[in-house]
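Atoms within each ligand, like the ligands themselves, are counted from 1 in listed order.
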Amino acid sequence: MSNDCPFCGIVAGEIPGRIVFESDDVTAFLDANPLAPGHTLVVPNDHHERLTDLSEELAREVFAALHRLTPAVEAAADADGSNVAFNNGPAAGQEVPHLHGHIIPRFDDDGGAPIHVVAGDRPDLSEDDLDAIAEEIRDAR
Ligand code: 5GP
Ligand code: ZN
């Protein structure tokens, strides 16, 4: 547990949170400043900053909770779809340094945008560039 982490505080019951799911490894609660009704955050109970800091087993638990909660959130919010995503590190917009998956209900014509808009300008990549980065990813796995 990290003392000045709000999500550790919610998991420990020291900070109020509208908890919607709890297990030995994972907790989910409503976002305090929601982008849509039902906007839910899914966190590992232990303090880990990034996706890469999770063991494969804990990552499985986090994704299982997202998989289970997404239809529940959509049903409760009467949503037409959802964005399910992580801001993974400050460069990607992560503000709370305790990994959390967002489930953001979406509605037809809600004026929002797809996840494609989160990055900067699209890079101009050749076929060779794409081959090279694919190979680097395969090598780094
Ligand atoms: P991030 O940018 O780190 O991916 O998103 C952090 C999210 O946590 C934001 O959507 C913000 O509204 C939410 N948040 C920040 N502090 C608290 C808190 O103390 N309680 C709850 N429930 N949500 C919080
Ligand atoms: Zn924490």
Side-chain angles (χ1 to χ4, degrees), residues 1-127 129-141:
M1 169 158 177
S2 169
N3 278 338
D4 50 3
C5 171
F7 295 171
C8 283
I10 290 172
V11 170
E14 291 165 3
I15 294 177
R18 292 186 174 85
I19 291 175
V20 298
F21 173 82
E22 276 176 299
S23 73
D24 288 346
D25 299 313
V26 177
T27 300
F29 47 87
L30 294 190
D31 194 295
N33 190 19
L35 293 171
H39 182 173
T40 295
L41 304 176
V42 177
V43 307
N45 291 344
D46 291 339
H47 185 90
H48 297 284
E49 186 167 346
R50 295 187 185 213
L51 205 49
T52 37
D53 298 327
L54 267 54
S55 66
E56 198 167 321
E57 189 185 346
L58 186 51
R60 216 175 273 131
E61 293 297 323
V62 169
F63 276 89
L66 287 165
H67 178 256
R68 180 168 166 182
L69 284 163
T70 295
V73 168
E74 289 186 5
D78 201 17
D80 300 306
S82 55
N83 291 110
V84 181
F86 294 83
N87 291 326
N88 195 32
Q94 183 177 3
E95 290 182 356
V96 177
H98 182 140
L99 181 81
H100 47 283
H102 292 258
I103 305 172
I104 305 169
R106 295 296 303 273
F107 303 88
D108 293 338
D109 306 319
D110 63 10
I115 205 163
H116 298 77
V117 301
V118 299
D121 296 335
R122 272 183 203 259
D124 190 14
L125 297 172
S126 67
E127 292 294 320
D129 293 332
L130 294 171
D131 288 342
I133 192 76
E135 186 163 346
E136 288 199 37
I137 293 169
R138 283 192 292 271
D139 289 348
R141 279 178 310 166

Check each heavy atom of [X] against ligand 1 and say whether those closer than 4.0 Å belong to the side chain, the backbone, both or neither.
X     : value
Ile15 : neither
Phe7  : side chain
Pro6  : side chain
Arg18 : neither
Asn87 : side chain

Check: Under 4.0 Å from any heavy atom of His102, which atoms of ligand 1 are there?
Finding: 1 (P), 4 (O), 5 (O), 10 (O)

Next item on the list: Could you list which atoms of ligand 1 come closer than 4.0 Å to a heavy atom of Glu95?
Entry: 1 (P), 2 (O), 3 (O)

Margin query: Could you check whether any side-chain N or O of His100 sits under 3.5 Å from a backbone N or O of Gln94, counting only pairs where one atom can act as donor and the other as acceptor?
Written below: no

Item checked: Donor-acceptor contact below 3.5 Å, side chain Asn88 vs main chain Leu51 -> yes

Next item on the list: Give yes or no for whether the N/O distance cutoff of 3.5 Å, strictly under, is met between Phe29 and ligand 1.
Entry: no

Checklist line | Heteroatom distance test (Leu30, ligand 1): nitrogen or oxygen, under 3.5 angstrom | finding: yes

Check: Taking only protein atoms, how many N, O or S atoms are found under 2.8 Å from the Zn ion (ligand 2)?
Finding: 4

Check: For atom 2 (O) of ligand 1, which protein heavy atom lies nearest, and how many Å away is it?
Finding: Gly93 O, 3.0 Å

Notebook entry, point to check: Considering the options Glu74, His102, Arg106, which one meets the side-chain hydrogen bond (donor to acceptor under 3.5 Å, both in side chains) requirement together with Ser82?
Noted result: Glu74

Item checked: salt bridge (Lys or Arg N to Asp or Glu O under 4.0 Å): pairs with one or both residues in residues 76-98, sequence neighbours excluded -> none

Item checked: Minimum non-hydrogen distance to atom 11 (C) of ligand 1, winning option of Asn33, Thr40, Ile10, Asp31 -> Asp31

Notebook entry, point to check: Any idea which of His39, His98, His100 brings a heavy atom closest to atom 1 (P) of ligand 1?
Noted result: His100

